[in-house]
Amino acid sequence: MVDETMRAVRFERYGGLDELHVAEVARRRAAPGRVVVEVVAASINPGEASVREGRLQERWPAHFPEGEGSDFAGVVTEVGDGVISVAVGAEVIGWSEERASHAEAVSVPAGQLVPKPAGVSFEVAGSLYVAGVTAWATVRSVGLKPGHTAAVSAAAGGVGSIAVQLARRAGATVIGIAGPASADWLASIGVTPVAYGEGLAERLRAVAPQGINAFIDCFGGGYIDLAVDLGVPTDRIDTIIDWSAAQRTGAKIEGLATVEDPAAVLSELAALIAAGELVVPIARTYPLEQVQEAYAELEQRHTRGKIVLLPARRSS
């Protein structure tokens, strides 16, 4: 007998971590043009915490009771009428635009799925959409070319850890701004690590005496002004978080929402991972019922790479 319910993360009002809980809800079913996927892995993202706290309600309001999650990877369990691009049993990477992936199953349009290469783990695949496509957009936005020098803030975080690698692939010399604990990892992927904190401008000038051509801000909190002070042209500065500073200075705010064909980018990134040309660090995994603990770790803002929920009952 097919289960009629499933577990899913919910919150009933804006607030802190205590608002998150796992509820029994109606199990997703296939509808025309849509696919149901058993979610094996689904990463968490800072923007989801901001939505839950109510800090983005003017831009992205919640509709209570609200679900969570965009990224996921899993196995197709049902396909709706008209779907010919994917079959039951296929391993896929995808995304939800309905805040629904932090659950045992998710229903999405077939166009929001791409094949998961066999050599890519579910944990990595389930971390790829938001961080990976955003990183791809930021690197494209600053127009990197061989010979350029680019700086990336929060360079060991979810978006930053991918952006520095894509910037290197574009031929740039890359400076990664991060905590000292991430210095060895950044150096191992060909990135020059520079510690954040007091005196950062001087440290950046020291490692880039010829100047910095582009700046990707994945953290906020003054990095746009720092980039301007360092002489980076504003059309080569992109932020994914500090919209007010971008508006004030003329810097860019290109990211996930500016990508015209996210499925194609997702496939490209997955192929790079399968080929060993891109690495997505996994900081830690949590079972679905430990969603509060997962976000508590994320909100410390010192994570290297991605934190991942494992919703499916088969996961351990």
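Keep in mind the model is a prediction, meaning the values are calculated, not measured.
Between Ala150 and Leu144, the shortest heavy-atom distance links the atoms CB-CD2, 3.8 Å. Scanning all heavy atoms of the two residues, the minimum distance from Val191 to Arg168 falls at CG2-CG, 4.2 Å. When every heavy atom of Ser101 is checked against every heavy atom of Ser96, the shortest pair comes out as N-CB, 4.4 Å. Taking all atoms of both residues into account, the shortest heavy-atom contact from Ala296 to Leu17 is CB-CD1, 3.6 Å. Of all heavy-atom pairs between Ala154 and Phe219, the closest is CB-CB, 3.9 Å. In terms of heavy atoms, Cys218 sits closest to Val159 at SG-CG1, 3.8 Å.
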For this session: Please lay out, stage by stage, how His102 and Val39 fare under the test side-chain contact (heavy atoms from CB on, under 4.5 Å).
Result: CA-CA 8 Å; His102 296 168; Val39 179; over 6 Å; no

Exercise. Run the side-chain contact (heavy atoms from CB on, under 4.5 Å) check on Arg140 and Thr258 step by step: do they pass?
Worked result: CA-CA 11 Å; Arg140 178 191 62 174; Thr258 64; 3.6 Å; yes

Exercise. Would Arg52 and Glu19 count as a salt bridge (charged side-chain N to carboxylate O under 4.0 Å, His left out) if you check the C-alpha gap in whole Å, the side-chain angles of each, and the deciding distance to 0.1 Å?
Worked result: CA-CA 8 Å; Arg52 183 244 307 152; Glu19 299 300 331; over 6 Å; no

For this session: For side-chain contact (heavy atoms from CB on, under 4.5 Å), just list the numbers for Leu113 and Val37, CA-CA rounded to whole Å, side-chain angles, deciding distance to a tenth of an Å, and then say yes or no.
Result: CA-CA 10 Å; Leu113 298 172; Val37 178; 4.1 Å; yes

Exercise. Does the side-chain contact (heavy atoms from CB on, under 4.5 Å) test come out yes or no for Val291 and Leu309, once each step is laid out?
Worked result: CA-CA 7 Å; Val291 62; Leu309 297 176; 4.1 Å; yes

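Taking CD1 of Ile212 as the start and CG of Leu204 as the end, the distance is 4.5 Å to the nearest 0.5 Å. With rounding to the nearest 0.5 angstrom, the CG atom of Leu266 is 6.5 Å from the CH2 atom of Trp95. Here the NZ atom belonging to Lys116 is positioned 4.5 Å from the CZ atom belonging to Phe122, to the nearest 0.5 angstrom.
Side-chain atoms of Asn45 do not come within 3.5 Å of backbone N or O of Glu48 as any donor-acceptor pair. Lys252 places no side-chain N or O within 3.5 Å of a backbone atom of Arg236 that could act as its donor or acceptor partner. Side chain of Gln290 to backbone of Pro287: no donor-acceptor contact under 3.5 angstrom is found. A donor-acceptor pair under 3.5 Å is formed between the side chain of Thr134 and the backbone N or O of Val130.
For Asp229, the CG atom sits in a packed shell: over 12 heavy atoms of surrounding residues, nucleotides or ligands are nearer than 6.0 Å. In Gln247, the CD atom is not crowded: 12 or fewer heavy atoms of neighbouring residues, nucleotides or ligands sit closer than 6.0 Å.
Look at Glu98 and Arg28 and you find no salt bridge, because none of the NZ, NE, NH1 or NH2 atoms lies under 4.0 Å from a carboxylate O. Salt-bridge check for Glu104 with Arg7: passed, with a basic side-chain N closer than 4.0 Å to an acidic carboxylate O. The pair Arg29-Glu78 counts as a salt bridge, with a side-chain nitrogen and a carboxylate oxygen less than 4.0 angstrom apart. Between Glu66 and Arg99, at least one side-chain nitrogen of the basic residue sits less than 4.0 Å from a carboxylate oxygen of the acidic one, meeting the salt-bridge criterion. Salt-bridge check for Glu297 with Lys306: failed, with every basic side-chain N at 4.0 Å or more from each acidic carboxylate O.
Using a 4.5 Å cut-off on side-chain heavy atoms (C-beta onward), Val9 and Leu288 make contact. Side-chain contact check for Val114 versus Val92: every heavy-atom pair is 4.5 Å or farther apart.
Linking Ile, Leu, Val, Met, Phe, Trp and Tyr residues whenever their side-chain heavy atoms come within less than 4.5 Å leaves Leu256 and Leu56 in two separate clusters. Note on Phe72 and Leu20: separate hydrophobic clusters, where clusters join Ile, Leu, Val, Met, Phe, Trp and Tyr whose side-chain heavy atoms are under 4.5 Å apart, directly or indirectly. Val152 and Val228 fall into different hydrophobic clusters, where Ile, Leu, Val, Met, Phe, Trp and Tyr side chains are chained together by heavy-atom contacts under 4.5 Å. In this structure, Val265 is a member of the same hydrophobic cluster as Leu272, with clusters built from ILVMFWY side-chain heavy atoms closer than 4.5 Å. The cluster map of Ile, Leu, Val, Met, Phe, Trp and Tyr, joined by side-chain heavy atoms under 4.5 Å apart, puts Leu186 and Leu166 in the same cluster.
Tyr129 and Gln112 are not linked by any side-chain donor-acceptor pair at a separation below 3.5 angstrom, with hydrogens and angles left out of the test. Between the side chains of Glu24 and Thr5, at least one donor N or O sits under 3.5 Å from an acceptor N or O.
Every pair passing side-chain hydrogen bond (donor to acceptor under 3.5 Å, both in side chains) that includes a residue from residues 145-167 is listed here, sequence neighbours excluded: Ser153-Asp217.
For Ile273, the side-chain contact (heavy atoms from CB on, under 4.5 Å) partners are Val120, Val124, Leu128, Leu278, Val280, not counting sequence neighbours.
Annotation: cation-pi geometry not satisfied between Arg203 and Tyr196 (NZ/CZ under 6.0 angstrom from ring centroid, within 45° of ring axis). By the 6.0 Å and 45° rule, Arg55 does not stack over the aromatic ring of Trp60.
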